[in-house]
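The structure under discussion is supplied below as structure tokens; questions concerning it will follow.
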Number of protein chains: 4
Amino acid sequence: MPKVSNEHQEARRAQIIEAAIQCFSKKGFHQTSMQDIVLESGLSPGAIYLYFKGKEDIIRAIADKQHSKERDLIAKACSSSDVKIALGQLVKSFFEPLSDSEVFESRRIGVQLWTEALSNPIVYEVVRSGIDEPLRELTKLISEFQEQGSIQAGLAPDAIARVMVALYQGFILQLVWDEQVNVGEYVTAAEAIISTFFQA
Amino acid sequence: MPKVSNEHQEARRAQIIEAAIQCFSKKGFHQTSMQDIVLESGLSPGAIYLYFKGKEDIIRAIADKQHSKERDLIAKACSSSDVKIALGQLVKSFFEPLSDSEVFESRRIGVQLWTEALSNPIVYEVVRSGIDEPLRELTKLISEFQEQGSIQAGLAPDAIARVMVALYQGFILQLVWDEQVNVGEYVTAAEAIISTFFQA
Amino acid sequence: MPKVSNEHQEARRAQIIEAAIQCFSKKGFHQTSMQDIVLESGLSPGAIYLYFKGKEDIIRAIADKQHSKERDLIAKACSSSDVKIALGQLVKSFFEPLSDSEVFESRRIGVQLWTEALSNPIVYEVVRSGIDEPLRELTKLISEFQEQGSIQAGLAPDAIARVMVALYQGFILQLVWDEQVNVGEYVTAAEAIISTFFQA
Amino acid sequence: MPKVSNEHQEARRAQIIEAAIQCFSKKGFHQTSMQDIVLESGLSPGAIYLYFKGKEDIIRAIADKQHSKERDLIAKACSSSDVKIALGQLVKSFFEPLSDSEVFESRRIGVQLWTEALSNPIVYEVVRSGIDEPLRELTKLISEFQEQGSIQAGLAPDAIARVMVALYQGFILQLVWDEQVNVGEYVTAAEAIISTFFQA
DNA sequence: TATGAATGAGGGTTCATTCAT
DNA sequence: AATGAATGAACCCTCATTCAT
């Protein structure tokens with residue numbers, strides 16, 4: 001029996017989430033008070049509780065948002081039936097945005113979610129599925145490569161997938177600590193290392 | 001004039017830090033209250049403040065502790081004058097302890113410090129120097145490799161160093177989220193990829 | 001956009017200040033806990049902090065309140081252009097309220113502020129200007145008297161002003177220690193002494 | 001069964017009181033921690049509690065000390081049988097030390113005790129008797145004057161005594177707020193006013 | 001739907017005092 | 001007699017959340 005349209009509902013939620021992202025990105029989840037989000041969003045405390053159950057619910061919504069973005073990246077990348085192309089696409093879709101300073105906040109939030117997952121079961125679930133899905137996809141692709149003989153046998157495909165994820169997440173850490181890091185050089189090096197391996 | 005020995009002083013500090021590590025590891029820095037540390041340590045609130053200026057001081061002390069452990073690893077690894085051996089040692093000293101479930105808490109704390117660094121300048125300094133030092137050492141070693149022609153020219157040595165650090169830190173993330181991950185397989189895969197590249 | 005009126009805001013501040021005055025009057029600033037003020041005011045701790053930055057801010061507000069009351073007394077008294085009348089008015093406006101047991105708390109608070117000024121710079125400023133203004137006014141009036149020859153030459157007008165202030169503040173001390181003291185007799189004696197001197 | 005001499009006991013007490021006076025003078029009773037006194041005295045916390053029951057006991061001892069100093073002044077002043085001389089002595093013994101910057105701390109402590117008396121029964125008793133005795137003596141002297149006709153009849157001798165005490169205590173307030181105040185001019189003015197009155 | 005004043009549990013920290021040594 | 005590490009109640013204050021309007 002909502003009086004206002006769903007669009008309005010979603011717009012308000014987006015407004016709150018955007019404000020929360022700004023705050024969380026700067027100060028972290030636990031140093032950010034609801035009052036901070038209230039000020040940043042321009043809404044009232046009461047209004048926020050109309051759209052979210054509480055602070056934790058906002059964090060979860062943000063985690064979901066990040067997660068769904070990654071889902072989309074994976075889905076799009078894996079649409080190709082050619083294994084080589086799919087893998088290249090996957091790497092590209094994850095690494096390309098790293099050069100985009102627009103998603104500065106998104107990366108910082110992402111890192112904070114990784115840690116939050118350690119003590120927050122709800123966030124844990126989101127973060128876990130956000131990593132398990134890419135791992136699954138990568139493992140599948142790598143298995144196929146291996147069957148083609150493009151990769152040494154004897155190495156666990158799942159371990160190789162983890163290596164690739166580590167190359168991604170490990171670099172994000174370095175990036176959030178120092179936005180000056182040369183992304184292009186890193187990506188070039190990482191791709192060189194991977195492709196050398198895949199052609200060995 | 002102290003009634004108790006310096007060893008006792010250090011023992012108390014260690015006792016508090018140990019209790020704090022247990023708490024922080026489980027609940028995170030900000031969800032852990034001083035009361036939690038009080039209970040875990042078996043001391044009184046006042047006693048804690050005899051040895052630390054406050055909660056933040058405990059976090060800093062823990063960060064320092066982790067940092068100095070890593071310093072030692074690097075120093076020991078780099079004692080060899082042979083570049084190849086030094087690099088091998090470095091990789092080994094960082095990857096080997098990953099199999100050790102003893103340092104379970106240490107890893108979880110480490111990840112939390114990575115995030116804490118984003119909003120806490122004191123922790124930031126410690127984390128930064130904890131990553132900059134290995135990067136510097138690695139870059140130096142990789143440059144020498146490159147001069148020997150063991151690595152493709154044209155790739156930034158510093159970027160390659162970052163790749164190696166990412167392989168380490170990125171995997172730690174995966175490990176803290178799921179202690180069941182097969183460390184041996186990962187290390188084997190990572191070493192295979194690195195050594196393939198170095199011999200390309 | 002405020003939900004409640006400015007009058008309401010001021011009423012709440014007054015409510016808190018009134019409660020604080022009751023507490024401070026009985027127990028002193030430092031023996032009064034915020035909890036005491038909370039109980040006396042009937043509000044919650046959080047509510048107090050909506051209107052005041054902290055305990056010190058309440059003390060400062062009370063000091064300001066006392067100060068502005070005295071300012072008004074002086075301003076009103078000095079409105080007359082006749083020196084004799086102005087001085088008489090000034091004496092009257094300060095001494096008359098001493099008989100009023102309504103301002104019982106106000107006097108006790110005043111004395112506490114005098115002492116608080118010794119270690120609290122904010123209160124010091126308020127107390128200083130609360131004494132310097134009357135001194136300045138009195139000195140001006142006394143100088144004029146002296147020029148008319150109504151007072152012995154050779155005495156510093158400013159010293160005489162201090163004598164008059166001492167007669168006021170010194171008596172307040174006696175009054176807060178023992179509310180039974182006969183105010184009328186004191187005022188009569190003080191005025192006799194002053195007027196004898198001014199006519200000598 | 002004290003092992004050490006009474007002199008030693010008294011020396012220790014004096015040492016603690018001296019340290020406490022320094023601290024209280026600067027920061028006030030309630031802003032001074034026992035730790036402050038410990039540091040200033042060079043003793044240990046435990047040692048202080050061997051000689052005083054607690055913080056309040058130190059304050060009481062200091063109040064007693066001040067009180068007994070004033071008792072001595074009064075006793076000495078009133079030793080003369082000549083009323084005029086006795087009164088002159090009394091005024092002199094109280095006003096003369098005001099020029100002495102040595103007793104800087106003593107005055108600041110005195111003022112703090114006046115306020116402390118409002119909420120501390122033990123201090124109240126000391127302060128009360130410290131003011132009642134001079135008042136009694138003065139009243140007695142003034143009564144005799146009045147009987148001799150040197151003072152207007154109709155004025156309460158006790159009120160006149162209070163005037164004189166106010167001239168003393170009221171000026172001390174002004175002095176502790178601003179040590180630059182010209183003591184000589186004040187005393188000259190105060191004495192002129194009193195003697196004018198007594199000879200009227 | 002929207003407000004924002006109000007709540008109150010719980011946060012980090014201090015400090016007068018004690019007691020084993 | 002003297003120490004000083006230890007205690008723990010109490011301090012001031014914050015902040016996620018609620019609810020009367």
Side-chain angles (χ1 to χ4, degrees), chain A residues 1-5 8-9 12 30-39 42-58, chain B residues 1-5 8-9 12 30-38 41-58, chain C residues 1-5 8-9 12 30-38 41-58, chain D residues 1-5 8-9 12 30-39 42-58:
Chain A
M1 89 195 55
K3 278 251 181 61
V4 299
S5 63
H8 179 250
Q9 290 259 3
R12 275 276 192 264
H30 304 290
Q31 290 89 331
T32 296
S33 68
M34 282 305 239
Q35 189 57 21
D36 290 330
I37 299 174
V38 163
L39 289 175
L43 295 170
S44 63
I48 290 181
Y49 283 85
L50 286 175
Y51 297 96
F52 293 94
K53 280 199 294 222
K55 193 177 175 179
E56 162 125 315
D57 194 32
I58 298 177
Chain B
M1 196 182 313
K3 187 66 158 296
V4 298
S5 59
H8 177 254
Q9 296 258 0
R12 272 276 188 269
H30 304 289
Q31 290 89 331
T32 297
S33 72
M34 285 306 253
Q35 187 58 18
D36 290 330
I37 299 174
V38 162
S41 69
L43 295 169
S44 62
I48 308 268
Y49 286 87
L50 284 176
Y51 297 95
F52 294 94
K53 284 207 286 264
K55 193 179 175 181
E56 164 124 314
D57 195 32
I58 298 178
Chain C
M1 197 181 311
K3 188 66 156 296
V4 298
S5 58
H8 178 254
Q9 295 259 359
R12 271 278 187 269
H30 304 289
Q31 290 90 331
T32 297
S33 71
M34 283 308 251
Q35 188 58 21
D36 290 330
I37 299 175
V38 163
S41 68
L43 294 169
S44 61
I48 308 269
Y49 287 88
L50 284 177
Y51 297 94
F52 293 94
K53 284 208 285 264
K55 194 178 173 181
E56 163 124 314
D57 194 33
I58 298 178
Chain D
M1 117 199 21
K3 278 252 181 59
V4 299
S5 61
H8 180 249
Q9 292 257 3
R12 274 277 192 266
H30 304 289
Q31 289 90 332
T32 296
S33 70
M34 282 306 240
Q35 189 57 20
D36 290 330
I37 299 174
V38 163
L39 289 175
L43 295 170
S44 63
I48 290 182
Y49 283 84
L50 286 175
Y51 297 96
F52 292 94
K53 281 198 293 219
K55 193 177 176 181
E56 163 126 314
D57 195 31
I58 298 177

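To find a chain, count down the sequence lines: A is the first, B the second, and so on, and within it residues start at 1.
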Legend entry - Between P of E:dA6 and CD of A:Q35, the distance in whole Å: 14 Å
Legend entry - Atom pair distance, as rounded to whole Å: OH in A:Y51 and C1' in F:dA16: 20 Å
Legend entry - Assigned partner base of E:dT7, Watson-Crick or wobble definition, under 3.5 Å: F:dA16
Inset, instruction - Name the closest nucleotide to the C:A47 side chain, picking from F:dC12, F:dA6, E:dT7. - result: E:dT7
Legend entry - Presence of B:Y49 side-chain N/O under 4.0 Å of E:dC15 phosphate oxygens OP1/OP2: no
Legend entry - Nearest-nucleotide pick for C:S44, side chain only, options being E:dA6, E:dT1, E:dT13: E:dA6
Inset, instruction - Report the distance from atom CZ of B:F52 to atom C1' of E:dT14, rounded to the nearest whole Å. - result: 18 Å
Inset, instruction - Decide yes or no on side-chain contact (heavy atoms from CB on, under 4.5 Å) for B:I58 and B:M34, but give the supporting numbers first. - result: CA-CA 10 Å; B:I58 298 178; B:M34 285 306 253; 4.1 Å; yes
Legend entry - Residue whose closest nucleotide on DNA chain F lies nearer the 5' end, B:G42 versus A:Q31: B:G42
Legend entry - Upstream residue (5' side of DNA chain F) when C:G54 and A:S33 are each assigned their closest nucleotide: C:G54
Inset, instruction - Take the protein atom CG of B:L43 and the nucleotide atom C1' of F:dG8, then report the distance between them rounded to whole Å. - result: 13 Å
Inset, instruction - For C:I48 and for B:H30, find the nucleotide of DNA chain E with the closest heavy atom, then tell me which residue's nucleotide is more 5'. - result: C:I48
Legend entry - Listed nucleotide nearest any side-chain atom of C:M34, set F:dC15, F:dC13, E:dT1: F:dC13
Inset, instruction - With heavy atoms under 4.0 Å as the rule, sort C:G46 into base, sugar-phosphate or nothing. - result: base
Inset, instruction - Measure from the side-chain N and O atoms of D:D57 to the backbone N and O of D:G54, and report whether any donor-acceptor pair falls under 3.5 Å. - result: no
Inset, instruction - Please name the residue in the list B:I37, B:V38, B:T32 that meets the side-chain contact (heavy atoms from CB on, under 4.5 Å) test with B:Q35. - result: B:V38
Inset, instruction - Round to the nearest Å and state the distance from B:I58 atom CD1 to E:dG11 atom C1'. - result: 14 Å
Inset, instruction - Respond yes when some side-chain nitrogen or oxygen of A:Q9 is under 4.0 Å from OP1 or OP2 of E:dT1, and no when none is. - result: yes
Inset, instruction - Return the value, rounded to whole Å, for the distance between atom CG of A:D57 and atom P of F:dA16. - result: 14 Å
Inset, instruction - Report the distance from atom CG of D:L50 to atom C1' of F:dT3, rounded to the nearest whole Å. - result: 10 Å
Legend entry - Nearest-Å distance for atom pair NZ/P, residues D:K55 and F:dA10: 16 Å
Inset, instruction - Among the candidates F:dC15, E:dG4, E:dA16, find the nucleotide nearest to the side-chain atoms of A:P45. - result: E:dG4
Legend entry - A:R12 vs E:dT1: side-chain N/O to OP1/OP2 distance below 4.0 Å: no
Inset, instruction - Might you work through the side-chain contact (heavy atoms from CB on, under 4.5 Å) test for D:L50 and D:R12, ending with a clear yes or no? - result: CA-CA 10 Å; D:L50 286 175; D:R12 274 277 192 266; over 6 Å; no
Inset, instruction - Give the nucleotide from the list F:dC15, E:dA5, F:dA1 with an atom nearest to the side chain of D:H8. - result: F:dA1
